[in-house]
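Notes follow the structure.
So you know, we letter chains A, B, ... as the sequences are listed, proteins then strands, and number each from 1.
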Amino acid sequence: MKNHNLTIYNSLSRQKEKFESLHEGFAGMYVCGPTVYNDVHLGNCRTFISFDVIYRYLTYLGYTVRYVRNITDVGHLLDDGEDRMSKGARLDNLEPMEVAQKYTLGFHQILQLFNTLPPSIEPRATGHIIEQIEMVKNILDNGYAYIMNGSVYFDTVKFAEVTGEYGKLSGRIIEELLSETRDNLKNQDEKHHPSDFAIWMKANEEHIMRWPSPWSVGFPGWHLECSAMSTKYLGKQFDIHGGGNDLKFPHHENEIAQNLGACNIHPAKYWVHTNMLLMNGRKMSKSDGNTISPYELFTGESVHVSKGYSPMVVRFFMLQSHYRSTNDLTDDALQAAEKGYKRLMEAYKSLSDLLSDHNNPTELDSRISDIINGAYADMDDDFNTPRAIARLFELVTIINSLKEGQIRISEISDTGIKTLKSAFETIIFEIFGLKEENSTNDGVVDGLMQLIIELRQIARTNKEWTTADKIRDGLNELQIQIKDGKDGSSWSFS
RNA sequence: GAUAAGGUGGCAGAGUGGUCAAAUGCAACGGAUUGCAAAUUCGUAAAAUCGUGAGUUCGAAUCUCAUCCUUAUCUCCA
């Protein structure tokens, strides 16, 4: 275990709290995953990238982390009461499980491109029907639910009266919830109160996804899976529960109610919510066209971007804002992120070329250590990646100055260089989860390019500028950029 | 309407009582490099008085109130 002073903003208390895990050396984290009836939304990616960094940082600190992220493949109700999964199935003319499989695979592919680590356990709601039924039983036994025509509803009024816990996370006031009317909601008449919610639903004739239960052949309520699966894999109480801001109500509020209702204990010590990703200052919305898919973003096939941006550039862009702030995705901002990201990676590469001629501690050495410690302190402060990145760029300036001679190489010791290198590796690759891209691994291309560069060099030596420029411009059109430096030319994909 | 989070340079985005005329990246400007560019790089240089108005305080971007705007949730959403 590393010494640290990690604080996390807890949505439940609305303040930063010192992180102390329930079990020394271990950390349990549950994050609400996607509903797999559609392609992943870029906003989802932001959330999962944020939690990926949290997962990575906890691991870096030395915790043995169990990271559970579910796949919702049943239970979401549409306005008309139809299950989301079966709707997708009907439209695509597929089995519900086929739909789930298809979009689960797509989801994994995209997240892999973003270099997120897979969770320790990725449970599916349909694989935990038994656990969910058990939980319904427990809630019934504790008197916080009632049965109506084969469906089971959570009694929010009674729960609120007995525990006083309902609405705390989202700041809802129970009286106001009770006075709300929702005439268009199906089964409204079955509920005692509008704020009550289904934990088991009786399936009607057309409903494809159905399981037997003590109450009816039916399916579990949407909020129930997370309560059941977090309890199963992390215990009745665990450290961190995460998800997007938009899940606070009703999903997380109801989850807390279910856990308390079934187990008499608050499920999570720290509730962590990520903020929304915007595009051009507005929310992403399919209906008004203000949306872009991860794939479109990578290829540039969208009116919203001037070109494609690689997954690592997008990841870096997202890390440049704090997870609790909204993040505005714009073409300008992505271009800026791309340049910054490249500069950061180039500086890392330059480190290999730096050689000090001595090993006596210097003033610069200690300045470097201070900056690095600052970056870790930023991460300790509620995972402040933008500030940590800012510090890395202070190091970038130092590295480049050493390389270019603005700072004499004797001003840094051998140890200082090693410290820089290991800090870059740990922070950029291990914690931020960035990786190098664009290596061709293609001997033929490399060989050809080497040859072309040599030919152009001959032309340049002979001052045949027309030929040299033709090669340069022609390659440029093929998205290959020639970079003329002091020690010859190099190339890269632009 | 209610609830929650916000409005900081040209753009993105840190900062939440004094060390802030305010980090960092990009852009812009100046220099280095170049056959010219691009790319790269340096800059004790330039750029925001922190939505608006009022208040608390010796002192506010940071606290309070009002007001305008944005986003989220209240119905499925990361």
Can a donor-acceptor pair be found between the side chains of [X] and [Y] at a distance below 3.5 Å?
X        : Y        : answer
A/Tyr57  : A/Asp380 : yes
A/Asn10  : A/Gln15  : no
A/His273 : A/His252 : yes
A/Ser227 : A/Glu255 : no
A/Thr326 : A/Asn275 : no
A/Gln406 : A/Ser401 : no

Using atom C1' of each nucleotide, how far apart are B/G13 and B/C26 to the nearest Å? 11 Å
What interatomic distance, in whole Å, is found between P of B/C11 and the corresponding atom of B/A48? 13 Å
Considering only [options], which nucleotide approaches the side chain of [X] most closely?
X        : options             : value
A/Gln481 : B/A72, B/C11, B/A38 : B/A38
A/Arg387 : B/A78, B/U24, B/A14 : B/A14
A/Ala336 : B/A5, B/C26, B/A23  : B/C26
A/Asp246 : B/A72, B/A12, B/U71 : B/A72
A/Asn400 : B/A4, B/A14, B/C42  : B/C42
A/Thr397 : B/C42, B/U24, B/A72 : B/C42
A/Lys483 : B/U71, B/A39, B/G13 : B/A39
A/Phe249 : B/C11, B/C74, B/A72 : B/C74

Please identify each residue that fulfils salt bridge (Lys or Arg N to Asp or Glu O under 4.0 Å) with A/Asp469, with sequence neighbours left out. A/Arg472
Over all strands shown, is [X] touching base, sugar-phosphate only, or nothing at heavy-atom distances under 4.0 angstrom?
X        : result
A/Glu404 : sugar-phosphate
A/Asn44  : base
A/Ile482 : base
A/Ser401 : sugar-phosphate
A/Phe317 : sugar-phosphate
A/Gly33  : sugar-phosphate
A/Gly43  : base

Comparing A/Arg14 and A/Ala333 on RNA chain B - which has the more 5′ nearest nucleotide: A/Arg14
Using heavy-atom distances to pick each residue's nearest nucleotide on RNA chain B, tell me which of A/Arg391 and A/Arg324 is more 5'. A/Arg324
Please confirm whether the shortest side-chain N or O distance from [X] to OP1 or OP2 of [N] is below 4.0 Å.
X        : N     : value
A/Lys283 : B/U70 : no
A/Lys248 : B/A72 : no
A/Ser50  : B/A78 : no
A/Asn476 : B/A38 : no
A/Arg343 : B/G25 : yes
A/Asn384 : B/G15 : yes

Rounded to whole angstrom units, what separation is found between the [atom1] atom of [X] and the [atom2] atom of [N]?
X        : N     : atom1 : atom2 : result
A/Gln479 : B/A39 : CD    : P     : 14 Å
A/Lys342 : B/U40 : NZ    : P     : 8 Å
A/Phe114 : B/A78 : CZ    : P     : 16 Å
A/Leu334 : B/G13 : CG    : C1'   : 13 Å
A/Trp491 : B/A39 : CH2   : P     : 18 Å
A/Glu253 : B/A4  : CD    : C1'   : 12 Å
A/Asp370 : B/A23 : CG    : P     : 20 Å
A/Leu277 : B/U70 : CG    : C1'   : 15 Å

Parallel, tilted or perpendicular: rings of [Y] and [X] (30°, 60°):
X        : Y        : result
A/His241 : A/Trp271 : parallel
A/Phe298 : A/Phe114 : perpendicular
A/Phe48  : A/Phe107 : perpendicular

Applying the Watson-Crick and G-U wobble criteria at under 3.5 Å, what pairs with [N]? Answer none if nothing qualifies.
N     : answer
B/U73 : B/A2
B/U64 : B/A54
B/G35 : none
B/G43 : B/C29

Please write out each protein N/O paired with an N/O of nucleotides 33-36 of chain B under 3.5 Å, distance rounded to 0.1 Å.
{"from": "B/G35", "atom 1": "N1", "to": "A/Asp469", "atom 2": "OD1", "distance (Å)": "3.1"}
{"from": "B/G35", "atom 1": "N2", "to": "A/Asp469", "atom 2": "OD2", "distance (Å)": "3.1"}
{"from": "B/C36", "atom 1": "N3", "to": "A/Arg472", "atom 2": "NH2", "distance (Å)": "2.4"}
{"from": "B/C36", "atom 1": "N4", "to": "A/Arg472", "atom 2": "NH2", "distance (Å)": "2.8"}

Presence of donor-acceptor pair under 3.5 Å, side chain of A/His322 and base of B/A14: no
